[in-house]
S.K.: 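Take a look at the following structure, please.
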Number of protein chains: 2
Amino acid sequence: MTQIVDALAALAQETRLKAYRLLVEAGPEGLPAGRIGEALQLPPATLSFHLAHLSRAGLVKSRQEGRFVLYSADFPTMNQLVGYLTENCCRGSSCAPTAKGVRNEALPRARRRA
Amino acid sequence: MTQIVDALAALAQETRLKAYRLLVEAGPEGLPAGRIGEALQLPPATLSFHLAHLSRAGLVKSRQEGRFVLYSADFPTMNQLVGYLTENCCRGSSCAPTAKGVRNEALPRARRRA
DNA sequence: GCGTCATTTCCATTATTCTGGAAATATGGA
DNA sequence: TCCATATTTCCAGAATAATGGAAATGACGC
């Protein structure tokens, strides 16, 4: 649960959410830190602070490449997060209100989206 | 995006996440505030603060019933949140790294969970 | 080794959030 | 009306997070 709270906190900040989204867009290759700071117009210290935050939460990985540090989204962690929310905060696959322990499959005549 | 950040921030706190989970468990009927405070061992002011936070973020609704205020999870909001994360932070339905704009359906021989 | 560029660490400041006691407000019953 | 109970608001103190300048570290080429 601490992990989940940490991941949520990491994303619950506009700058970090934007940075994370950039990294998602960039795919597994990732981006050099500097390019993120450039896109987001952040002074280096601030950028580093936020990237470290995302990193602590396990949402991004980093690797050195030449003189650059490449950051990339850690998809499995996001997968876990979405999984947790779906499992524990939605009672089933689409956040429809269901009876205790009952999955959407068992919902009585509830319209389900594709 | 502000809405998303607000929802994330609301859940990014252990007490509130616990409270929210209780409400999810309780289903659409919801729970009186006092019962949540009891379950979580919170002084009234603290409880009220956190419930108000969840409420501002749109994650819970409240209604007066007799002398009680019943709180309940707002499932559509959580649905939106999960939807946003899946759409914008996962590149497809299961957070698998995919090429830009490509959905999981198009992933080359990627193992998919049921 | 030296200069350059990329990134991080250090540090102080400011801003925001969390906490909970005490008082206020609301509701229903006697 | 008065009392008991439920919840919120008010307030202040404590804790945590965000910001960014300046200096330190690291990596590369010469």
Side-chain angles (χ1 to χ4, degrees), chain A residues 1-23 26 29-74, chain B residues 1-23 26 29-74:
Chain A
M1 173 129 142
T2 310
Q3 287 186 63
I4 295 297
V5 170
D6 286 352
L8 289 167
L11 295 173
Q13 211 272 356
E14 192 165 335
T15 300
R16 283 192 300 267
L17 184 53
K18 282 180 183 165
Y20 183 77
R21 291 233 282 157
L22 275 181
L23 292 176
E29 270 310 293
L31 290 173
R35 192 177 282 264
I36 302 171
E38 197 182 318
L40 270 42
Q41 290 293 311
L42 297 172
T46 303
L47 173 67
S48 212
F49 169 80
H50 287 303
L51 289 176
H53 203 318
L54 285 167
S55 187
R56 258 181 284 124
L59 284 162
V60 307
K61 296 171 291 187
S62 63
R63 65 186 199 281
Q64 186 105 21
E65 193 131 315
R67 332 206 246 180
F68 302 90
V69 175
L70 296 191
Y71 282 86
S72 56
D74 185 305
Chain B
M1 174 126 144
T2 312
Q3 287 186 62
I4 295 297
V5 169
D6 286 352
L8 289 168
L11 294 172
Q13 208 274 355
E14 191 165 336
T15 299
R16 284 194 297 269
L17 185 53
K18 282 181 184 166
Y20 184 79
R21 291 233 283 158
L22 274 181
L23 292 176
E29 271 310 292
L31 290 174
R35 193 177 281 265
I36 302 169
E38 199 183 318
L40 269 44
Q41 290 293 311
L42 298 172
T46 303
L47 173 66
S48 214
F49 169 81
H50 287 302
L51 289 176
H53 203 316
L54 285 168
S55 188
R56 256 181 286 125
L59 285 162
V60 306
K61 296 171 294 189
S62 63
R63 65 188 199 280
Q64 186 106 20
E65 194 132 314
R67 333 206 244 177
F68 302 88
V69 176
L70 296 192
Y71 281 86
S72 55
D74 186 306

S.K.: So if I take the C1' atoms of five pairs at each end of the helix from C:dG1-D:dC30 to C:dA30-D:dT1 and get each local axis, what angle do the two axes make, rounded to 10 degrees?
M.R.: 20°
S.K.: With a sphere of 6.0 Å drawn around CD of B:Glu29, does it hold more than 12 non-hydrogen atoms of other residues, nucleotides or ligands?
M.R.: no
S.K.: Of all of residues 47-59 of chain B, which get a heavy atom below 4.0 angstrom from DNA chain D, listed by number?
M.R.: B:Ser48
S.K.: In residues 4-21 of chain B, what residues come within less than 4.0 Å of DNA chain C, judged by heavy atoms?
M.R.: B:Gln13, B:Arg16
S.K.: Taking side-chain contact (heavy atoms from CB on, under 4.5 Å) as the test, write out the residues that go with A:Ala33, two or more places apart.
M.R.: A:Leu47, A:Leu51, A:Tyr71
S.K.: Considering only heavy atoms of chain B and a distance under 4.0 Å, specify the first and last nucleotide of DNA chain D in 5' to 3' order that meet this criterion.
M.R.: D:dA4 to D:dT9
S.K.: Using the test side-chain contact (heavy atoms from CB on, under 4.5 Å), find all partners of A:Glu65 that sit at least two apart in sequence or belong to another chain.
M.R.: A:Arg63, A:Leu70
S.K.: Give one of base, sugar-phosphate or nothing for A:Pro44, where a contact means two heavy atoms less than 4.0 Å apart.
M.R.: base
S.K.: Of all the heavy-atom pairs spanning A:Leu31 and A:Ala26, show the shortest one and how long it is.
M.R.: CG-CB, 3.6 Å
S.K.: Could you run through nucleotides 23-30 of chain C and give me one letter per nucleotide, 5' to 3': B if any protein heavy atom sits under 4.0 Å from the base, S if only the sugar-phosphate is that close, - if neither?
M.R.: ----BS--
S.K.: Kindly give the heavy-atom pair with the smallest separation between B:Ser62 and B:Val69, and that separation in Å.
M.R.: CB-CG1, 3.8 Å
S.K.: Where along residues 32-40 of chain B does a heavy atom fall under 4.0 Å from DNA chain D?
M.R.: B:Pro32, B:Ala33, B:Gly34
S.K.: So, using side-chain contact (heavy atoms from CB on, under 4.5 Å) as the criterion, who are the partners of A:Arg67 when residues are at least two apart?
M.R.: none
S.K.: Only pairs at least two apart or in different chains count here, so list each side-chain hydrogen bond (donor to acceptor under 3.5 Å, both in side chains) that has a residue in residues 32-42 of chain B.
M.R.: none
S.K.: Show me, pair by pair, the donor-acceptor contacts under 3.5 angstrom made by side chains of residues 5-23 of chain A, not counting sequence neighbours?
M.R.:
{"unit_1": "A:Gln13", "atom_1": "OE1", "unit_2": "A:Thr15", "atom_2": "N", "d": "2.9"}
{"unit_1": "A:Gln13", "atom_1": "OE1", "unit_2": "A:Arg16", "atom_2": "N", "d": "3.2"}
{"unit_1": "A:Glu14", "atom_1": "OE2", "unit_2": "A:Lys18", "atom_2": "NZ", "d": "3.2"}
{"unit_1": "A:Arg16", "atom_1": "NE", "unit_2": "A:Ala10", "atom_2": "O", "d": "2.7"}
{"unit_1": "A:Arg16", "atom_1": "NH1", "unit_2": "A:His50", "atom_2": "ND1", "d": "3.1"}
{"unit_1": "A:Arg16", "atom_1": "NH2", "unit_2": "A:Ala9", "atom_2": "O", "d": "3.2"}
{"unit_1": "A:Arg21", "atom_1": "NE", "unit_2": "B:Tyr84", "atom_2": "OH", "d": "3.1"}
{"unit_1": "A:Arg21", "atom_1": "NH1", "unit_2": "B:Asn88", "atom_2": "OD1", "d": "2.5"}

